[in-house]
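Only one structure is covered here, and it is reproduced in the block below.
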Amino acid sequence: MADTINLTYLNDLVGRVVKINKAGPDLKTGKLLQVNDDYLTLQTKEQQVVYFQLKHVKAVVEDTKGNVNPTDYPELSFYEEDTKTMGDLLGQLLLGSVQINGGGPASRVGRLLAVNDKFLTLETKKDGLVLYHLDHIKSVNEVELKEKENESVYELEPAFAEAVTLPQLFAALKRQWVTVNNGPDKVEGVLSEFDDETLVIVHDKEVYYVSTFHLQSIVVPIQGREDEVSEDENSDSDSTNSNENSQNNTEKSSKSQTRRNSKSNVYRKILMESIARSQAAINDRN
């Protein structure tokens, strides 16, 4: 039994206004622009081009009453040539700003740093590096970020840059603090062991066995990220109060720096204590 909708039906809908999925955060309405081997392209009412991976499209709903005219959608450019598969498309988007999984808790926006056959690496302002399993990417679309947000802050470490398979990725992450998946399925802890089917993650005295089949994303926190976010927020706040005298600004900056340092030190202390407890649990198991 096929795991996607018959492409013949979908090709007949190109140029018409449809709904992708029936309900929920993944629902999108727009003009169907093209159907490729494993993804389709939709132009939304917000004049955004979204690429949906076919294996995650549960239904396509056609508006047979003609309530919306396709001519109401102005022509937008989109990737047509040399992008027959989702992998080809992601290659074209490399180093650009994108949104992954536009609806729901798995949605993130950032700069696409790397793509290979099994996963991609997204640099985000909030979470640091997020590694997405390609099989679990529902949709992707280009976004425009502020110039400051679009600047690349970190370079990939060699272990990540050279990883082209999931086992190599897991090996690069071993003994590091990771966050696996998001929403109700989120698991945090130290990656202790792994094989082709299971990740073993230790958090304090608890040991989680996570199926790699259901692995959607891995967040790798980067030291210093919290300070940078705080500095960006403080910079924005300072710009809105530029009329204050220099003495008040100096005092405010000093207090803000003290609070940031205190918050960062507490965060790192908690994180290191948790990693130490997890490491102790790993040693006990061995």
Side-chain angles (χ1 to χ4, degrees), residues 1-80 83-90 92-93 96-110 112 115 118-120 122 124 130-144 180-186 211 213-217:
M1 181 179 295
D3 58 356
T4 62
I5 301 172
N6 191 307
L7 295 183
T8 302
Y9 293 122
L10 294 180
N11 281 318
D12 290 340
L13 295 175
V14 171
R16 302 182 187 180
V17 176
V18 299
K19 289 181 180 179
I20 304 299
N21 298 316
K22 188 177 179 181
D26 299 314
L27 167 64
K28 290 287 185 181
T29 299
K31 181 180 178 181
L32 185 60
L33 298 180
Q34 71 174 355
V35 177
N36 282 355
D37 293 349
D38 60 358
Y39 76 94
L40 56 80
T41 307
L42 187 80
Q43 178 181 340
T44 69
K45 295 181 292 185
E46 295 76 26
Q47 307 309 315
Q48 188 178 58
V49 176
V50 183
Y51 305 93
F52 289 88
Q53 189 162 204
L54 276 171
K55 66 174 65 179
H56 294 293
V57 175
K58 299 176 182 178
V60 177
V61 184
E62 179 185 6
D63 179 14
T64 59
K65 296 182 180 180
N67 293 327
V68 181
N69 193 329
T71 59
D72 295 337
Y73 289 78
E75 291 189 8
L76 296 179
S77 61
F78 60 96
Y79 290 99
E80 297 182 76
T83 54
K84 296 299 182 182
T85 68
M86 179 62 82
D88 296 335
L89 172 67
L90 292 172
Q92 293 290 331
L93 298 174
S97 300
V98 299
Q99 180 176 25
I100 303 294
N101 295 341
S107 176
R108 287 186 177 90
V109 173
L112 186 57
V115 180
K118 291 297 183 181
F119 60 92
L120 62 79
L122 189 73
T124 68
V130 183
L131 311 171
Y132 275 96
H133 196 307
L134 296 190
D135 286 344
H136 292 285
I137 292 179
K138 298 179 180 179
S139 66
V140 59
N141 58 276
E142 293 183 282
V143 296
E144 292 185 7
V180 174
N181 298 333
N182 209 346
D185 297 324
K186 181 170 74 172
S211 169
F213 179 79
H214 296 289
L215 174 65
Q216 299 176 17
S217 64

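Hydrogens, waters and symmetry mates play no part in the numbers below; they use all other heavy atoms, side chains included. Just so it is clear, the model here is predicted, and its values are computed rather than measured.
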Flag side-chain contact, heavy atom, 4.5 Å: [X] against [Y]:
{"X": "Asn36", "Y": "Leu89", "value": "no"}
{"X": "Lys22", "Y": "Lys58", "value": "no"}
{"X": "Leu54", "Y": "Leu7", "value": "yes"}

- Determine, step by step, whether Thr29 and Val17 satisfy the side-chain contact (heavy atoms from CB on, under 4.5 Å) criterion, reporting the C-alpha distance in whole Å, the side-chain angles of both residues, the deciding distance to 0.1 Å, and the verdict. CA-CA 7 Å; Thr29 299; Val17 176; 4.3 Å; yes
To the closest 0.5 Å, what do you measure between [atom1] ([X]) and [atom2] ([Y])?
{"X": "Ser139", "Y": "His56", "atom1": "OG", "atom2": "NE2", "answer": "9.5 Å"}
{"X": "Ser97", "Y": "Asn141", "atom1": "OG", "atom2": "CG", "answer": "11.0 Å"}
{"X": "Gln92", "Y": "Thr83", "atom1": "CD", "atom2": "OG1", "answer": "6.5 Å"}
{"X": "Ile100", "Y": "Lys138", "atom1": "CD1", "atom2": "NZ", "answer": "13.0 Å"}
{"X": "Lys28", "Y": "Glu46", "atom1": "NZ", "atom2": "CD", "answer": "6.0 Å"}
{"X": "Tyr51", "Y": "Glu142", "atom1": "OH", "atom2": "CD", "answer": "6.0 Å"}

- Item | Positive for side chain to side chain contact (heavy atoms under 4.5 Å, CB included) with Thr44, one of Ile20, Leu76, Val50, Val49 |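 Exactly one pass, corresponding to Val50.
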- Message: Consider side chain to side chain contact (heavy atoms under 4.5 Å, CB included). Of Asp135, Leu131, Asp185, Asn181, which one does Leu215 pass it with?
- Response: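 Only one option passes, and that is Asn181.
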- Query: Run the side-chain contact (heavy atoms from CB on, under 4.5 Å) check on Leu13 and Val35 step by step: do they pass?
  - Reply: CA-CA 9 Å; Leu13 295 175; Val35 177; over 6 Å; no
What closest approach, in Å, do [X] and [Y] show between heavy atoms, and which atom pair accounts for it?
{"X": "Val109", "Y": "Thr124", "value": "O-CG2, 3.5 Å"}
{"X": "Leu10", "Y": "Leu32", "value": "O-CD2, 3.6 Å"}
{"X": "His136", "Y": "Phe213", "value": "NE2-O, 3.1 Å"}

Checking [Y] against [X]: is there a side-chain donor and acceptor pair closer than 3.5 Å?
{"X": "Thr85", "Y": "Asp88", "answer": "yes"}
{"X": "Thr41", "Y": "Tyr79", "answer": "no"}
{"X": "Tyr9", "Y": "Asn6", "answer": "no"}

- Message: Run Met86 and Phe52 through side-chain contact (heavy atoms from CB on, under 4.5 Å) and show every step you take.
- Response: CA-CA 9 Å; Met86 179 62 82; Phe52 289 88; over 6 Å; no
- Please indicate whether Glu75 has more than 12 foreign heavy atoms, meaning atoms of other residues, nucleotides or ligands, lying under 6.0 Å from its CD.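 Not buried by this count: 12 neighbours or fewer within 6.0 Å.
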- Any donor and acceptor pair, going by atom type alone, linking the side chain of Asn182 with main-chain N or O of Ser217 inside 3.5 Å?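 No, because the side chain of Asn182 does not come within donor-acceptor range (under 3.5 Å) of the backbone of Ser217.
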- Task: Answer yes or no: is there a donor N or O on one side and an acceptor on the other, between the side chain of Glu80 and the main chain of Gln34, under 3.5 Å?
- Result: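 Between the backbone of Gln34 and the side chain of Glu80 there is no qualifying donor-acceptor contact (under 3.5 Å).
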- Task: Kindly determine whether Val115 and Leu93 satisfy side-chain contact (heavy atoms from CB on, under 4.5 Å), including the steps that lead there.
- Result: CA-CA 9 Å; Val115 180; Leu93 298 174; over 6 Å; no
